[in-house]
Amino acid sequence: MEKNQNILIHALQSLPAKNPSDEVWNRINNQLTKKEKLAQLTKHEPPRKVWNHIEQQLSNNSNKRKNIRLALIKWGAVAAAVFAIGYFVYINNFNGHQNINYSEKWVTIQNPAQWNNHETPEAILSTICEVHPTVCNSPDFKKIKARIEQLEKTKQLILMQFNKYEPNTELKIMLTKIELEQAGLIKQII
Amino acid sequence: MPNQQEEIIIQGCLNNERHAQKALYNKYKTEMYTLAYRITNNYEDANDALQEGFLQVFQGLASFKGNSGLGTWIHTIIARAAIKKVKNKIHFAAIDESNQAATIDWSIISDIQYLEKAIASLPAGYRTVFTLYEIEGFKHHEIAEILNISISTSKTQLFKAKRMLVEKLKNTID
């Protein structure tokens with residue numbers, strides 16, 4: 001076995017060496033020369049204006065991006081405001097709830113019966129409670145309601161003192177003040 | 001893969017930092033301007049190609065994956081921008097003559113300025129393929145992709161360019 005291996009090694013070593021043709025070196029040489037020659041070709045330097053134009057374009061692009069961002073924020077804010085107003089209007093007008101209309105007017109009282117000739121504050125408060133039950137449970141509402149009721153009782157007591165044949169200016173002023181305070185309190189609730 | 005310094009420049013460019021963009025431009029401007037000029041053979045077109053090319057580089061840097069070198073990537077962009085400038089002057093005829101060898105004996109060229117003039121005087125199509133293949137080291141399949149031609153057309157153009165160049169160079173030697 002070992003003998004055979006030695007023969008093989010000997011045979012391989014005695015194989016004739018092959019030399020590359022000159023053509024191979026010529027090609028390598030030509031490629032190297034080509035690199036040398038091409039490296040000598042003129043290098044061209046760009047003029048300064050090229051960078052100036054690039055810089056200007058980059059600034060313009062950056063400004064454009066900023067403007068677009070600002071416009072988006074601005075229009076976004078406007079859209080949000082419009083949406084919020086729209087939502088508010090919808091909630092207040094188109095949600096199927098009853099709306100409360102309230103108005104005041106000055107009336108010249110000819111006789112004492114006219115002092116009760118309008119919707120009582122209790123009736124207005126109960127209407128409010130029907131439309132907005134949550135409002136009725138608030139402590140502020142309860143406080144105002146108590147004050148209105150107290151004013152109404154005082155008003156009725158004053159009216160009982162009233163003599164329709166004898167004008168009593170002082171009582172009229174008191175009743176007017178009570179009416180005005182009641183109206184102000186109802187306005188506050190609404 | 002970009003080296004560490006290049007990495008910093010790229011990061012700066014991505015953050016739109018002007019000094020980083022200038023640094024990248026300065027690093028490659030001469031190489032790229034030379035490439036643009038060799039393709040367009042015209043300084044004004046080379047200026048435009050360089051400007052358009054670098055703007056594309058800055059805008060597209062986020063998409064640079066780093067599969068090839070940054071220089072190679074920029075090379076391709078500038079080459080495309082320059083080719084756009086001469087596209088209407090280039091007419092490729094797909095004739096298969098690529099099997100014939102056209103070898104330039106570079107050792108006989110002693111006058112570099114004449115070589116330069118000879119290259120510049122080649123028709124736009126020949127000059128473009130010759131510049132991309134012989135000078136810039138692009139492969140035929142890359143040239144074919146950039147110029148939107150077949151690989152065999154690229155080979156043909158190169159063969160014809162070399163043959164014409166050999167003729168021109170022979171005249172100087174004679």
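Letters go in sequence order (proteins before strands), and every chain restarts at 1.
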Worksheet item: Stepwise, does the side chain to side chain contact (heavy atoms under 4.5 Å, CB included) test hold for B:Trp106 with B:Leu115?
Response: CA-CA 10 Å; B:Trp106 293 92; B:Leu115 171 67; 4.0 Å; yes

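When each of A:Asn30, A:Thr33, A:Leu38 is checked for heavy-atom pairs under 4.5 Å with chain B, A:Asn30 comes out on top. Note: B:Lys22 leads B:Gln21, B:Arg38, B:Lys22 in heavy-atom pairs under 4.5 Å with chain A.
With respect to the salt-bridge test (charged N to carboxylate O, under 4.0 angstrom), the residues A:Arg147 and A:Glu181 qualify. Salt-bridge annotation for A:Glu179 and A:Lys172: absent, with no side-chain N of the basic residue lying under 4.0 Å from a carboxylate O of the acidic one. A:Glu23 has a carboxylate O that lies under 4.0 Å from a charged side-chain N of A:Arg27, or vice versa, which qualifies the two as a salt bridge.
Looking at A:Lys35, neither its backbone nor its side chain comes within 4.5 Å of chain B, counting heavy atoms on both sides. Contact annotation for B:Leu35: neither backbone nor side-chain heavy atoms come within less than 4.5 Å of a heavy atom of chain A. Contacts between A:Asn29 and chain B at a heavy-atom distance below 4.5 Å are absent for every atom of the residue. Looking at A:Glu36, there are no atoms closer than 4.5 Å to chain B (heavy atoms on both sides), in backbone or side chain. For B:Gln113, no part lies under 4.5 angstrom from a heavy atom of chain A.
Looking at every heavy atom in both residues, B:Tyr114 comes nearest to B:Lys168 through OH-O, 3.3 Å. Nearest heavy-atom pair, B:Ile143 versus B:Ser154, reported as atom, atom and distance to 0.1 Å: CG2-OG, 3.6 Å. Between A:Pro46 and B:Tyr25 the shortest heavy-atom distance is CG-OH, 3.6 Å. The two atoms that bring B:Lys139 and B:Glu142 nearest to each other are N-OE1, 2.8 Å, heavy atoms only. When all heavy atoms of B:Gly71 and B:Met32 are compared, the closest pair comes out as O-CE, 3.9 Å. The two residues B:Thr34 and A:His44 come nearest to each other via the heavy atoms OG1-N, 2.9 Å.
With a 4.5 Å cut-off on side-chain heavy atoms, B:Gln59 and A:Asn61 count as touching. Residues A:Lys145 and A:Cys136 fail the side-chain proximity criterion, which asks for heavy atoms closer than 4.5 Å.
Contacts with chain A (heavy atom to heavy atom, under 4.5 Å) involve these residues of residues 39-58 of chain B, listed by number: B:Tyr43, B:Glu44, B:Asn47, B:Leu50, B:Gln51, B:Phe54, B:Leu55, B:Phe58. Within residues 119-135 of chain B, the residues having any heavy atom under 4.5 Å from a heavy atom of chain A are, by residue number, B:Ile119, B:Glu134, B:Ile135.
With hydrogens and angles left out, the side-chain atoms of B:Asp105 and B:Ser107 include a donor and acceptor closer than 3.5 Å.
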